[in-house]
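Here the structure is a predicted model, which means the values were calculated and not measured. One-based numbering, in listed order, for ligands and for the atoms of each.
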Amino acid sequence: MTPDTARAYVDVLPSVASALAAGRPVVALESTIVTHGMPYPQNSVMAADVEKIIADEGAVPATIAVIGGRIKIGLSDGERESLAMTSGAMKLSRADLAFAVAQGRTGGTTVAATMICAHMAGIKVFATGGIGGVHKGAEDTFDISADLDELARTPVIVVSAGAKAILDIEKTLEVLETRGVPVVALAADLMPAFWSRESRFRAPLRLEKPEDIARLFETRRRLGLDGGLLVANPVPESDEIPAEEMAGYIEAAHRAAQEQNIAGKAVTPFLLAKILELTDGASLKTNIALVENNARIAARIAKALAG
Ligand code: PSU
Ligand code: MN
């Protein structure tokens with residue numbers, strides 16, 4: 001639970017505050033995808049488009065970030081645009097959130113940190129691209145995203161296109177199961193693989209509609225089961241890059257990362273940027289499409305929760 005002392009560090013955008021006070025639907029958005037996941041200016045265009053999609057669905061968007069040490073729940077157009085242009089932003093997860101606040105720093109919030117901040121503000125639904133998870137070779141590197149632990153502890157619905165396909169999806173599913181996180185594919189039997197509609201792995205759970213997701217979340221809450229819920233929403237068919245085609249690019253990107261000794265927080269941004277280069281921009285187009293698709297579904301879930 002968020003203590004009252006957190007309030008002093010949080011600024012809620014007026015449109016978001018009034019929606020929350022009135023019990024109207026709000027959807028949180030992360031900002032590491034803006035600061036570290038996509039190049040400028042596509043990141044900025046994506047961030048604005050996604051907010052518009054949520055508003056068009058009848059919900060209120062709240063992009064979350066830390067700016068000059070303030071936890072921002074909702075950004076003005078100017079704040080969002082300047083965050084997209086900043087090159088020195090930190091990548092903030094649970095481990096660094098308080099550091100950025102205490103030091104007056106600026107950073108994009110990952111899935112983990114965005115869940116924490118959304119929960120502080122009372123926002124229950126959050127849309128992203130793909131969550132972090134267990135990296136390939138984690139048995140040697142121990143590189144497992146803090147997103148998975150956050151899903152286990154913080155009661156927020158995360159709408160994603162699954163785990164990013166640069167990860168070990170099978171091991172990611174195993175960790176989520178161990179940590180008690182429901183993973184629900186939306187109208188699909190298989191887990192999506194971010195840029196591709198299908199991975200080789202069965203999704204643990206399947207539901208058909210946003211209303212079903214809302215009911216599952218409510219039921220968990222009423223049963224006193226802590227933690228979040230991961231929705232895996234496949235990218236639209238017209239925008240996908242099939243898994244067979246992505247496999248070669250993903251492998252090449254991993255080889256490059258190894259050759260250049262990329263480690264820790266830098267791994268995911270490096271791989272995404274490398275794959276963008278290898279696919280000549282096609283991966284970015286798909287990434288934007290899947291985020292937009294997730295935003296739409298998240299807005300519908302938020303409406304179902306509010307209604
Ligand atoms: N989804 C995207 N692009 C991204 C991310 C998600 O389409 O860049 C970010 C999220 O913020 C996620 C982070 O939390 O990547 C995972 O980083 P890591 O693997 O270092 O935990
Ligand atoms: Mn990591």
Side-chain angles (χ1 to χ4, degrees), residues 28-40 42-43 46-47 49-50 63-66 83-84 89-97 107-118 126-151 154 156 158-169 171-172 175-176 192-196 228 230-235 239-241 246 250 253-254 257 262-276 279 283-295 298:
L29 295 160
E30 62 144 315
S31 48
T32 290
I33 191 170
V34 176
T35 55
H36 291 75
M38 293 181 187
Y40 184 83
Q42 289 95 333
N43 61 349
M46 179 280 302
D49 283 354
V50 164
T63 300
I64 291 177
V66 176
L83 188 71
M90 292 180 75
K91 176 177 166 186
L92 303 174
S93 192
R94 173 174 277 269
D96 346 80
L97 186 60
T109 47
T110 60
V111 168
T114 305
M115 288 179 78
I116 294 169
C117 299
F126 155 34
T128 180
I131 62 158
V134 181
H135 279 267
K136 292 180 180 168
E139 55 274 30
D140 296 318
T141 61
F142 276 45
D143 190 350
I144 301 176
S145 176
D147 292 353
L148 301 184
D149 261 30
E150 207 57 54
L151 279 160
T154 302
V156 170
V158 178
V159 183
S160 70
K164 286 191 274 290
I166 51 176
L167 301 164
D168 188 321
I169 294 178
K171 289 195 178 74
T172 299
V175 171
L176 287 166
F194 198 63
W195 300 283
S196 317
L230 180 64
V231 178
N233 182 33
V235 64
D239 296 299
E240 85 156 334
I241 308 176
M246 283 310 298
I250 292 170
H254 275 114
I262 308 295
K265 278 175 176 296
V267 172
T268 296
F270 177 90
L271 292 173
L272 292 176
K274 194 75 199 170
I275 288 169
L276 184 161
T279 61
S283 66
L284 177 58
K285 211 173 142 263
T286 299
N287 196 347
I288 292 169
L290 65 86
V291 178
E292 292 177 349
N293 190 43
N294 294 340

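Distance check, rounded to the nearest 0.5 Å: CG of L276 to CG of L284 gives 5.0 Å.
Pocket lining of ligand 1, defined as residues with a non-hydrogen atom under 4.0 Å away: E30, T32, I33, G37, K91, T110, V111, T128, G129, G130, G132, H135, S145, D147, K164, F194, T268, L272, N287.
Put simply, the side chain of N293 does not reach to within 4.5 Å of the side chain of V235, judged on heavy atoms. Taking 4.5 Å as the limit, some side-chain heavy atom of L148 sits within range of a side-chain heavy atom of T172. Between I250 and K136, the closest side-chain pair of non-hydrogen atoms falls below 4.5 Å. Side-chain contact between S145 and V111 is absent, with no heavy atoms from C-beta onward closer than 4.5 Å.
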Residues 158-168, side-chain donor-acceptor partners within the protein, below 3.5 Å, at least two apart:
{"unit_1": "S160", "atom_1": "OG", "unit_2": "G162", "atom_2": "N", "d": "3.0"}
{"unit_1": "S160", "atom_1": "OG", "unit_2": "V231", "atom_2": "O", "d": "2.9"}
{"unit_1": "K164", "atom_1": "NZ", "unit_2": "G130", "atom_2": "O", "d": "2.8"}
{"unit_1": "D168", "atom_1": "OD1", "unit_2": "E170", "atom_2": "N", "d": "3.3"}
{"unit_1": "D168", "atom_1": "OD1", "unit_2": "K171", "atom_2": "N", "d": "3.0"}
{"unit_1": "D168", "atom_1": "OD2", "unit_2": "K171", "atom_2": "NZ", "d": "3.0"}

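For the Mn ion (ligand 2), the nearby protein N/O/S atoms, meaning those under 2.8 Å, are D143 OD1.
When all heavy atoms of L290 and G129 are compared, the pair lying nearest together is CD1-CA, 3.5 Å.
The stretch residues 262-271 participates, sequence neighbours left out, in these salt bridge (Lys or Arg N to Asp or Glu O under 4.0 Å) pairs: D96-K265.
Here the side chain of T114 pairs a donor or acceptor atom with the backbone of T109 at under 3.5 angstrom.
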